[in-house]
Amino acid sequence: MLCTGDSSRNKEDKEYIAMKVIINGRFLIHRVTGVERYAREILSELDKIIEPEGIEMAVPPEVKDIPTYKNIKVVKLGKLHNRLWEHLSFPWYVHKNKGISLNLCNVAPLPAPGIVCIHDVKVKATPQYFSKKFLLWYDLLLGNATKRARKIITVSEFSKSEIVKYFQINPDKITVIPNAWQHYKKIEYDEDALNKYDLKKNNYYFSMCSLEPNKNFRWIAEEAKRNPNCVFAVAGSINKKVFADGMGFECPNNMKLLGYVSDEEAKTLMRDCKAFLFPTFYEGFGIPPLEAMSAGAKNVYVSDAAVMHEVFEDSVHYINPYKYNDVFDDNVVDTEECIRKVLSKYSWKKSAEILSAVISTMRGGQ
């Protein structure tokens with residue numbers, strides 16, 4: 001029986017080694033925010049270090065803007081769309097090709113979670129900010145992924161600890177592959193951005209990300225009320241179908257909601273602001289402050305939270321996100337060296353190399 005078992009195991013190992021890694025390309029149908037940026041940039045770098053067609057990406061039929069890869073093979077498949085494609089067409093294709101799915105944007109197909117990047121578990125940590133329907137769906141997705149995925153990826157040690165805390169899984173199953181900022185090098189400044197939004201250089205506070213309740217834009221509104229002579233500009237959009245109560249507060253006249261801004265506009269607004277603000281209640285990493293630092297923001301304020309200290313160390317100002325009368329210190333912090341140190345910690349190239357190692361390990365059956 002031992003010989004039979006060894007023979008069976010060797011056969012399984014050979015099949016496992018031959019497994020094709022197939023990327024879930026559904027993220028390409030979405031406007032680029034944090035998780036989509038992560039997928040796009042890390043795959044761009046991964047493409048440079050893998051063998052030709054060593055990894056494949058499957059995309060839904062509605063995707064029009066497909067990145068150009070040298071070594072990642074892209075296949076458009078199926079007739080279904082969006083979520084139905086993700087949970088039916090895509091896993092069927094993975095199964096047919098005896099592959100393993102690679103999912104980089106929080107969610108994975110229920111039948112074949114494979115390798116999943118869970119950026120954060122805010123639905124568990126801050127459920128009050130989400131609709132019941134959204135919570136039920138994500139409880140199902142994350143519960144299935146953490147239980148059945150062969151490997152979990154996340155973006156910070158904090159996020160790793162939260163996944164372990166809420167889903168009671170072995171921390172050895174999780175690998176940290178962080179965000180980065182080098183995509184901002186490829187973005188030009190838009191020198192007309194300030195005129196477009198009626199802002200003056202070094203005379204406004206700026207914040208940017210999706211207007212989710214856990215991002216704590218109420219803090220900005222309260223600060224705007226207490227500083228009526230200052231302008232507070234916020235870029236982002238809100239999805240009232242997802243979040244339980246919208247923003248839940250009124251914006252004062254000196255708080256400008258800019259809506260969705262282009263990458264070029266965002267980079268310019270970051271460079272020319274008096275300070276960049278990021279008062280989030282909960283975050284898995286926090287890429288906007290990293291982008292702001294790389295863009296040349298003179299002051300960056302972030303929440304006094306564990307993940308912010310992990311990522312930004314001594315390069316930023318820390319604020320209490322629960323205290324609405326916090327005091328701004330507009331003196332530029334002498335943190336040029338600290339900023340360089342923080343920026344040097346993170347690169348899409350380094351993250352892609354870690355992902356490549358994870359993929360190699362999975363193919364090796366370890």
Side-chain angles (χ1 to χ4, degrees), residues 32-49 104-106 117-122 151-164 171-172 174-187 207-209 263 266-267 270-271 273 275-280 282-319 332-361:
V32 179
T33 58
V35 295
E36 292 83 14
R37 176 74 70 192
Y38 181 89
R40 284 176 177 269
E41 298 300 331
I42 205 168
L43 290 176
S44 178
E45 291 297 324
L46 183 68
D47 181 58
K48 299 174 184 177
I49 59 176
L104 295 171
C105 295
N106 278 329
C117 181
I118 299 176
H119 291 252
D120 60 59
V121 289
K122 59 191 174 188
K151 187 70 176 178
I152 301 293
I153 295 166
T154 194
V155 292
S156 66
E157 291 294 337
F158 169 78
S159 188
K160 177 178 178 177
S161 68
E162 290 286 276
I163 294 169
V164 171
D172 292 339
I174 307 172
T175 297
V176 174
I177 307 180
N179 281 288
W181 57 272
Q182 283 76 14
H183 56 282
Y184 252 45
K185 286 184 176 182
K186 298 178 284 187
I187 298 169
S207 185
M208 187 192 76
C209 55
D263 288 342
K267 185 173 181 178
M270 288 171 169
R271 179 195 67 185
C273 67
F276 183 81
L277 310 178
F278 198 68
T280 181
Y282 189 89
E283 208 69 33
F285 182 91
I287 193 172
L290 198 65
E291 293 172 332
M293 290 165 58
S294 73
K298 300 171 185 65
N299 280 291
V300 175
Y301 289 80
V302 303
S303 294
D304 189 5
V307 69
M308 297 289 102
H309 285 276
E310 176 189 339
V311 175
F312 297 105
E313 301 180 4
D314 298 325
S315 64
V316 296
H317 299 273
Y318 289 98
I319 57 174
V332 177
V333 181
D334 186 16
T335 54
E336 189 173 336
E337 185 177 341
C338 294
I339 289 173
R340 282 198 299 268
K341 179 183 174 184
V342 167
L343 292 178
S344 70
K345 281 200 307 181
Y346 303 105
S347 79
W348 293 118
K349 183 177 183 294
K350 291 178 184 177
S351 291
E353 288 170 350
I354 301 171
L355 178 58
S356 179
V358 167
I359 290 170
S360 296
T361 300

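We use all heavy atoms of the structure for the numbers below, so side chains are in, but hydrogens, waters and symmetry mates are not. Counting begins at 1 with the first residue of the sequence. Bear in mind that the values here come from a model prediction, so they are computed numbers and not experimental data.
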Exercise. Look only at the side chain of Lys267 and the backbone of Tyr184, and say whether a donor-acceptor pair between them is shorter than 3.5 Å.
Key: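 A pair under 3.5 Å: yes.
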Quiz item: How would you list, by chain and number, every residue that makes a salt bridge (Lys or Arg N to Asp or Glu O under 4.0 Å) with Arg271, sequence neighbours excluded?
Solution: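 Arg271 satisfies salt bridge (Lys or Arg N to Asp or Glu O under 4.0 Å) with Glu191 once adjacent residues are dropped.
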Is there a side-chain contact between [X] and [Y], using heavy atoms and a 4.5 Å cut-off?
| X | Y | value |
| --- | --- | --- |
| Val342 | Leu290 | yes |
| Ile359 | Leu46 | yes |
| Tyr38 | Ile177 | yes |
| Ile319 | Pro279 | yes |
| Met293 | Val316 | yes |
| Asp304 | His309 | yes |
| Glu291 | Met208 | yes |

Exercise. Inspect the surroundings of NZ in Lys341 and state if more than 12 heavy atoms from other residues, nucleotides or ligands are less than 6.0 Å away.
Key: no
Heavy-atom closest pair, residues [X] and [Y]:
| X | Y | answer |
| --- | --- | --- |
| Glu36 | Val32 | CB-CA, 4.0 Å |
| Ser351 | Pro178 | OG-O, 2.7 Å |
| Leu104 | His119 | O-NE2, 2.8 Å |
| Val307 | Ser156 | CG2-OG, 3.8 Å |
| Phe278 | Gly286 | CE2-CA, 4.0 Å |
| Ile163 | Ile152 | CD1-CG2, 4.3 Å |

Quiz item: For Ser159 and Glu162, does a side-chain donor sit closer than 3.5 Å to a side-chain acceptor?
Solution: no
Quiz prompt | side chain to side chain donor-acceptor pair (under 3.5 Å) evaluation trace for Ser356 with Glu353 | solution = CA-CA 5 Å; Ser356 179; Glu353 288 170 350; over 6 Å; no
Quiz item: Mind checking whether Trp348 and His183 have parallel, tilted or perpendicular rings, split at 30° and 60°?
Solution: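 The arrangement is tilted - the two ring planes meet at 30° to 60°.
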Quiz prompt | Under the side-chain hydrogen bond (donor to acceptor under 3.5 Å, both in side chains) test, residues paired with Lys151 that sit two or more places apart | solution =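 Once residues adjacent in sequence are excluded, the partners of Lys151 under the side-chain hydrogen bond (donor to acceptor under 3.5 Å, both in side chains) criterion are Thr175.
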Quiz prompt | Sequence-distant partners of Thr280, side-chain hydrogen bond (donor to acceptor under 3.5 Å, both in side chains), two or more places apart | solution = Glu283
Practice problem: Assert yes or no for the condition that the ring centre distance of Tyr346 to Phe285 is strictly below 6.0 Å. | Solution: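 For Tyr346 and Phe285, the ring centres are under 6.0 Å apart.
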Exercise. Mind running salt bridge (Lys or Arg N to Asp or Glu O under 4.0 Å) on Lys186 and Glu41 for me, showing each step along the way?
Key: CA-CA 12 Å; Lys186 298 178 284 187; Glu41 298 300 331; 3.3 Å; yes
